[in-house]
Protein chains: 2
Amino acid sequence: MASISPALPEPIEQSDATRARLIEAAGQVFGEYGFQSATVRDICTRAGANVAAVNYYFRDKAGLYLAVLRDSMSAGGQPEPRDAALRAETPEEGLRLMTAAMLRRMHNSRTGRACHLRIMVHEMAQPTEALPRVVEEIIGPNYAAMRELLSRLLGRPADDDLTRMCAHSVIGQVVHYAHAGPVIGLLWPDLKMTPERLDAIASHISEFSLHAIKHFKEATSHE
Amino acid sequence: MASISPALPEPIEQSDATRARLIEAAGQVFGEYGFQSATVRDICTRAGANVAAVNYYFRDKAGLYLAVLRDSMSAGGQPEPRDAALRAETPEEGLRLMTAAMLRRMHNSRTGRACHLRIMVHEMAQPTEALPRVVEEIIGPNYAAMRELLSRLLGRPADDDLTRMCAHSVIGQVVHYAHAGPVIGLLWPDLKMTPERLDAIASHISEFSLHAIKHFKEATSHE
DNA sequence: GACAGTTTCAAACAAATGTTTTAATCTGTT
DNA sequence: AACAGATTAAAACATTTGTTTGAAACTGTC
């Protein structure tokens, strides 16, 4: 079985058409099937390339997977959710903006990022050797930014256990809609992830969380 | 590629030793690798059985998968989280008990249920044809019970959008610790899921949620 | 046009995978 | 002990899968 090499390849600046098509197609297939069950032949069929092209451009299947992740991590255009926090004048506003950005990011299929979310869902179910790097480069900084916001809201250090648990409470609400997508579809058939509904959910999560956090802040003040 | 037949097999009352060992081993392997990537040979090696035994007892790999799910769903011993709600004298208490039961269930490895949680994580990433049945028999009733509790707390119908979003906010916090286990381990290295820590997290989720819900209830009263 | 390097391709390769087949062995009943 | 049905096992089978190989085709430079 294919395994992941330990190092992410250096980004290559050239723009080969076949290479790009392979990365695009692989993003979709890895998003649908996860690394293990995705097949090189399916990817190449979608990319309109020969199966040997994967080895030519990426050395092996694992190299292609890492290239997809690398591409995903370095993609411009859409800012990171943590950037939203920087634009806010208050931590409450920061939390609202960040929550909305996270949720939108997870459901935004127009920029093709939805398939990368599905790759992450598969990565949770079946971690590859690339996970620590993804955590370090994407998940970790957003998590830290969330904890920083909560630290200011709670009046506690960012690595305090309560701050961390609150961070996971907020993040858990957001990622739940993405991770449990197939189940939620069955539990709540009327739910359509329109932009309006996304905004409503983001708003709900923010309010839910801010009021809970307000309570913890007040409880701390009374200690 | 193997695919899932549409119907769950009827539970068989006989207790064949080989059959039982296969179900046990398959639960582990499907939990580690998901349906697609789990191999019949790995399962049979762990069960101390010949590869043809899968076809003999379960017709095919998919039949074994369904038998594992069926076994999981009919397993006695541990009550459903929704049963906890029935023991409560107030809906607040019900929410606390149910939240704790859900969290414990997802992390309780002594009864072997942790592997079934991992099967569910894989099922989220890569739904099989068995998912609707699992939702109908396990996830759905617990979801309905949660919504019933929240309905009473919020003073709104159980299928109201706000009630549903609150239900997902609570459930999202709980399942997040299980689904994102590998990532959380990297983000929060000091976190050890001891029974004490589980109780602390359950308590946190309950309080976080109850205070948020209290706000929504009060906001409704002022309308 | 010649040449070198790059890209693409089809076939071959080796291994893995779920399933089928056949026969030996086991078990329970008479 | 004979018999029938159940269980187990190894080999075979057919297909799938990622990778390798060697050559054809392409591209850019002189």
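Not measured: the values here are computed from a predicted model. Just so we're on the same page: letters track the sequence lines, and every chain starts at 1.
Aromatic rings from Phe30(B) and His122(B) are positioned such that their centres are separated by 6.0 Å or more.
For the pair Thr18(A) and dT7(C), the criterion of a side-chain N or O lying under 4.0 Å from OP1 or OP2 is not met. Put simply, Asn50(A) has no side-chain N or O that comes within less than 4.0 Å of OP1 or OP2 on dT7(C).
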Residues 188-203 of chain B side chain polar contacts: donor-acceptor under 3.5 Å, at least two apart:
{"residue": "Lys192(B)", "atom": "NZ", "partner": "Pro189(B)", "partner atom": "O", "Å": "3.4"}
{"residue": "Thr194(B)", "atom": "OG1", "partner": "Arg197(B)", "partner atom": "N", "Å": "3.0"}
{"residue": "Arg197(B)", "atom": "NH2", "partner": "Asp161(A)", "partner atom": "OD2", "Å": "2.6"}

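Atom pair Tyr56(B):OH and dT21(C):P shows a separation of 16 Å (rounding to whole Å applied). If you take CG of Asn55(A) and C1' of dT6(C), they are 16 Å apart, rounded to a whole angstrom. Atom CD1 of Ile43(A) and atom P of dT17(D) are 11 Å apart (whole Å). Counting to the nearest Å, the P atom of dT19(C) and the CG atom of Leu64(B) are 10 Å from each other. Here dG18(C) presents its C1' atom at 18 Å from OH of Tyr33(B), a figure rounded to the nearest Å. Look at CZ on Phe58(A): it is 14 Å from C1' on dT7(C), rounded to the nearest Å. When the C1' atom of dG5(C) is taken as reference, atom OH of Tyr57(A) falls 13 Å away, rounded to whole Å. Counting to the nearest Å, the P atom of dG18(C) and the CZ atom of Arg59(B) are 16 Å from each other.
Interatomic distance, His168(B) NE2 to Cys166(B) SG, rounded to the nearest 0.5 Å: 10.5 Å.
Tyr143(B) has its side chain out of reach of Val183(A): every pair of non-hydrogen atoms, C-beta onward, lies at least 4.5 Å apart.
The nucleotide whose nearest atom lies closest to any side-chain atom of Lys61(B) is, among dA9(D), dT19(C), dT8(C), dT19(C). Across dG18(D), dC9(C), dG18(C), the shortest atom-to-atom separation from the side chain of Ala52(A) is found for dC9(C).
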